[in-house]
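To keep things clear, I will list the structure first and then write my remarks on it.
Note on naming: letters A, B, ... go to the chains in the order of the sequence lines (proteins, then strands), and numbering restarts at 1 for each one.
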Protein chains: 2
Amino acid sequence: MKLSRAQCQTILETHHVKVTEPRLAVLEFMGTQTGPIKAYDIIHGLTVNPPTVYRALTSLTEAGILHRIESLNAYMFCLHPGHDHAHGHDHEIFFTICDQCGQVDEIDHDLKTNLTSVLKARNFKPKRRIFEIHGACENCF
Amino acid sequence: MKLSRAQCQTILETHHVKVTEPRLAVLEFMGTQTGPIKAYDIIHGLTVNPPTVYRALTSLTEAGILHRIESLNAYMFCLHPGHDHAHGHDHEIFFTICDQCGQVDEIDHDLKTNLTSVLKARNFKPKRRIFEIHGACENCF
DNA sequence: AATTTCATAGCAATCTTGTATCAAAATCAT
DNA sequence: ATGATTTTGATACAAGATTGCTATGAAATT
């Protein structure tokens with residue numbers, strides 16, 4: 001999915017992220033790879049220091065340009081850039097992760113429909129599910 | 001929730017896990033703590049080597065005695081020990097994680113009911129959701 | 001134009017988390 | 001008992017992430 005510098009810049013601008021060299025470099029690097037990418041792939045690939053990469057990844061993720069896959073310690077391009085990924089809606093983003101080939105898919109799931117049937121329709125055989133919701137509990141809200 | 005050696009042994013036996021010293025020690029240590037526990041808390045608490053603890057945690061988790069919380073890199077006792085946590089059923093285990101006080105709750109969620117309403121009923125205010133499903137994709141099944 | 005402010009960047013060090021390796025011991029099934 | 005398998009133990013190391021501090025550069029304030 002090779003991205004030019006100009007394309008990277010456009011991505012940043014449309015997501016209202018300040019355009020900086022590390023962010024451009026990380027975005028560009030990610031465009032050369034396919035599937036989930038680890039922070040240290042970038043650190044080694046670009047020979048930059050860890051904080052530089054982690055800061056870029058954080059801002060790109062917060063902007064919704066990337067997703068962080070917690071169970072892989074890895075990052076992916078968001079495939080549903082138009083959507084609001086915040087909570088409180090009638091849909092939810094799921095990731096399916098093939099443990100064999102490593103492919104990660106992003107599913108925009110309508111909460112009213114049955115997840116099992118969605119997975120079946122995609123011929124994805126689930127083995128392990130990770131459903132974790134961060135927020136504020138009753139006492140701390 | 002203090003667990004005696006005998007109780008730890010019973011837990012292992014009822015889950016068909018071989019009873020070994022490291023597993024007993026880790027279980028017992030976890031019984032002295034409350035909430036999610038990190039591997040290095042155990043490593044430091046028991047002054048044992050990392051591989052010993054990670055191996056014990058892996059077997060305890062695989063047996064369904066513990067859960068691993070991916071977004072915290074931490075482990076918790078399973079609060080629904082009677083249930084089948086495998087997939088393909090009409091319920092799903094969710095974790096709610098309070099970012100303020102650190103409390104983690106395990107929700108056994110009936111997939112037919114609306115998750116948002118369940119959270120609302122518990123007065124949990126969600127901020128960030130992590131839904132990741134590992135398995136085998138169409139091509140690799 | 002000069003100054004303050006604030007987010008970002010660079011660098012080094014450090015901390016946290018998790019694995020690889022390989023040999024010794026324990027366990028189990030003939 | 002003997003051989004195969006599993007589990008352990010110890011050392012080392014790799015991978016993942018953060019902290020502290022200084023410096024820079026753009027934007028806001030005077």
May I ask you to check whether [X] and [Y] show a side-chain donor-acceptor distance below 3.5 Å?
X	Y	value
H67(B)	T61(B)	no
S59(B)	R23(B)	yes
H91(A)	D110(A)	no

Among residues at least two apart in sequence or on other chains, which ones pass salt bridge (Lys or Arg N to Asp or Glu O under 4.0 Å) with [X]?
X	result
R68(A)	E70(A)
D105(B)	none
R5(B)	E21(B), E28(B)

- Represent DNA chain C in dot-bracket notation, 5' to 3'. Only Watson-Crick or G-U wobble pairs with both distances under 3.5 Å count; pseudoknot-style crossings use [ ] and interstrand partners use |. ||||||||||||||||||||||||||||||
- Query: What residues form a ring-ring contact (aromatic ring centres under 6.0 Å, His included) with Y40(A), not counting sequence neighbours?
  - Reply: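 Result, ring-ring contact (aromatic ring centres under 6.0 Å, His included) vs Y40(A): H44(A).
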- Item | With F131(B) via ring-ring contact (aromatic ring centres under 6.0 Å, His included) - residues at least two apart |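 Expected list: F94(A), F131(A), F94(B).
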- Task: Kindly say if N49(B) contacts the phosphate of dG9(D), meaning a side-chain N or O under 4.0 Å from OP1 or OP2.
- Result: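 No, because none of the side-chain N or O atoms of N49(B) sits under 4.0 Å from OP1 or OP2 of dG9(D).
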Applying side chain to side chain contact (heavy atoms under 4.5 Å, CB included), name anything that partners [X], two or more places apart in sequence or on another chain.
X	result
P36(B)	L72(B), A74(B), M76(B), V104(B)
E138(A)	N123(B)
E13(B)	Q9(B), V19(B)

- Item | Residues within residues 18-33 of chain B bordering DNA chain D, heavy-atom distance below 4.0 Å |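 Residues of residues 18-33 of chain B that come under 4.0 Å of DNA chain D are, in numerical order, K18(B), T20(B), P22(B), R23(B).
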- Task: Any chance you could list the contact pattern along nucleotides 13-20 of chain D? Use B for base contacts, S for sugar-phosphate-only contacts and - for none, protein heavy atoms under 4.0 Å, 5' to 3'.
- Result: ---BBBB-
- Message: Reading DNA chain C from 5' to 3', where do the contacts with chain A start and stop? Cut-off is 4.0 Å to heavy atoms.
- Response: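 Listed 5' to 3', the contact boundaries are dT8(C) to dA12(C).
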- Message: Looking at M30(B), is its backbone amide N or carbonyl O close enough to the side chain of Q33(B) to form a donor-acceptor pair, meaning the two atoms are under 3.5 Å apart?
- Response: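 Judged by distance alone, no pair lies under 3.5 Å.
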